[in-house]
Amino acid sequence: MGFKVEKIFIAILGVGTVGKAVIDILQNNQDIITARAGVSIIPKIAIARNIDNKNISIPLSTDINDALNDKDIEIIVELIGGIELPYSIALQALERNKAFVTANKAMLAYHRHDLEVRNNGIPIGFEASVCGAIPIIRVLRDGLCANHIISIRGIMNGTSNYILTQMSQKNESFESALKQAQELGYAEANPALDINGSDSAHKLLILASLAYGINAKIDDIIVEGIEGLTLEDINFARGSEYEIKLLGVAKKTNNQLELRAHLAMIPKDCMLAKVSGVMNAISVVGDNVGEMLYYGAGAGGSQTASSVISDIIEIARNKVLLHNIKNTVPSESTPHSMPMLGYANDTYSIGHDIELMPRDKISCCYYIRLKVRDKLGVLSNISHVFALHQISIKSLIQKNPKNLDSQYAYLLLSTHICTEAQIQKALSELSILQDIIESPFMIRIDNL
C-alpha cells in the first residue's frame, strides 16, 4: 500500500465577510466538498488583524507566521486585501512550497506575471479575483483555450452597475444612487475604487493576461469612472436607444490590443445592456465559439467564497492525483500545477505576438455634454473646434432648463468615428472657450 492523502490543511488570512464564508462553507458542505476533492479540506487556522469578537469556529491568530511556518498547512488563502503585503505573503508561501489562493484583483493587477515567473510550479488559484461567482478565469484559461479571443466586454463592478441601474430605471441622481448603494452595503464608505473605474481595470488586466498573454499595466490603459454622470446623459442615451454601462473592454485587431475601462453607451437590445443591479456579466467572443455571455453575482461573501473554494478543491485534486500516480509523497521540488496564466510557451505568455494599442489610436464614436451660455455664436465656435480636428458631428440636441430666465443651455451631441487623439484635443480646446460654463463631459459609444 502506498501513501494515501486523507486531509489537506489550509490557513485563511483575513476573516471578513468572504473569509468567514469560506470557513462556513468548508464546514457546512464538507460531505460534497470531500466527495469532489477526494480528500478532507480542513481550515486549521485563521489570521486576522484583530481577533476580538470574531465568531469563528477555528483557532485565530494575529501573526501571519503562524500560518506560513506551520508545516501541516499546504494551502494559504489570502483574503486580506491590499497590494504589497499580500504579494509578500504569496512569495513567502511559494518559498515554503505552499499553494496560494487569493481573491485579490488589485495585487494581481500589479504582480500577476511576477508570481507566474516565481511560482516554480506551485499552484496559484485566483478564480475569485474577477467577478465573484462567475468562473471566468477557468473559462479563459481552460474552457476556451483552443480559441483566439477576439474581444472581451464586461460589466465587472456591481456597485457602479447598481448606481447606473438606479439612475436609468428610477431617475435617481448619481449622488442619491450612490448613497443608496452605501446604505445597502454595496458600496464602501469610501467608494473610490468602485466608481472611478480602477476596480474594473484591475479585473480587465487579469483577463487580458489569460486571453492574450499580455503584461499590461494600469497606467498603460484608459481608466475612467462614472463620476460626473447626470440624468441628462441618461435621457440622451434612452432617446438614442442606448444604455449606459461601466465596461471593461479588450478588443484585438490584427496584432494590436485595445484595453480600456470606462463608461460606454451600448445598444439597449444587446445582452450586456440588460444586466441590472449588482450583477456582473462578461461577453467573450472566440474565433471558434462566437459570442458567449457569462452572468452572475460579482460580489458577496458566499458567492466569492464559492470561487475561492473551487480553487482549493482543484489544488486538492491535483495533490491527490499526483500522490496516487507517484504512490508516494512528492518531493518539495516537484512542480504540480498548470501554468498560472495558462501559457506553457513563454514566448507567447509574455505577449510576444500582441502589442498594446496606443491610447491615442483607439477610435470609436463619442457622446459629449456641454453646458454653454445661451447666446448667439456659441454653436458656431463649438462647430469650428470640431471641424479643426476633423470630427464630424452626427447628432445635436439643445436642452434648455425649465426656468425660462436661465441664461445657459445643454448641448448634447454625438460624433462619427474619430480617434482618442482627436477627441481629447477637441475637448481640451472646448474647455477653455469663454462660453463653456463647465468642463465637457464625454462618454464613448460602443456599438459592439
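The first residue of the sequence shown is numbered 1, and numbering continues consecutively from there.
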Is there side-chain contact between [X] and [Y], with at least one heavy-atom pair below 4.5 Å?
| X | Y | result |
| --- | --- | --- |
| V101 | F126 | no |
| I368 | I423 | yes |
| R153 | I282 | no |
| I163 | I226 | yes |
| N120 | L94 | no |
| L210 | I137 | yes |
| E429 | H389 | yes |
| Y294 | V284 | yes |

Step-by-step side chain to side chain contact (heavy atoms under 4.5 Å, CB included) determination, L229 to L263 = CA-CA 9 Å; L229 186 71; L263 279 175; 4.1 Å; yes
Are the charged groups of [X] and [Y] less than 4.0 angstrom apart, N to O?
| X | Y | result |
| --- | --- | --- |
| E74 | K319 | yes |
| E127 | R138 | yes |
| R141 | E314 | yes |

Residue among L140, L259, V249, V285 satisfying side-chain contact (heavy atoms from CB on, under 4.5 Å) with I152 | L140
Give a yes-or-no answer on whether the side chains of [X] and [Y] include a donor-acceptor pair shorter than 3.5 Å.
| X | Y | value |
| --- | --- | --- |
| H111 | D114 | yes |
| Y242 | N447 | yes |
| Y366 | E420 | yes |
| Q180 | Q166 | yes |
| T253 | Q256 | no |
| R112 | S209 | yes |
| N196 | S198 | yes |

Over 12 non-hydrogen atoms of neighbours within 6.0 angstrom of [atom1] in [X]:
| X | atom1 | value |
| --- | --- | --- |
| K361 | NZ | no |
| K425 | NZ | no |
| N55 | CG | no |
| N254 | CG | no |
| I417 | CD1 | no |
| E188 | CD | no |
| K251 | NZ | no |

Heavy-atom closest pair, residues G197 and L246 | CA-CD2, 4.4 Å
Identify the heavy atoms of A103 and T304 that sit nearest to each other, and give their distance.
-> CB-CG2, 4.3 Å
Mind telling me whether Y367 and F236 have parallel, tilted or perpendicular rings, with 30° and 60° as the class edges?
-> tilted
Rounded distance [0.5 Å steps], [atom1] in [X] versus [atom2] in [Y]:
| X | Y | atom1 | atom2 | answer |
| --- | --- | --- | --- | --- |
| H113 | L205 | NE2 | CG | 9.0 Å |
| I23 | I56 | CD1 | CD1 | 4.5 Å |
| I266 | K274 | CD1 | NZ | 10.0 Å |
| I222 | H262 | CD1 | NE2 | 6.0 Å |
| I76 | T102 | CD1 | OG1 | 12.0 Å |
| N235 | T230 | CG | OG1 | 8.0 Å |

Hits for side chain to side chain donor-acceptor pair (under 3.5 Å) against E243, two or more places apart or cross-chain, chain-then-number order -> S168
Geometric cation-pi criterion, K44 with F9: 6.0 Å, 45° = yes
K98 (side chain) donor-acceptor with D70 (main chain) under 3.5 angstrom = yes
Given the rule in the side chain to side chain contact (heavy atoms under 4.5 Å, CB included) test, do I445 and M265 qualify, once you have shown the distances and angles that lead to the verdict?
-> CA-CA 5 Å; I445 300 174; M265 290 190 183; 4.2 Å; yes
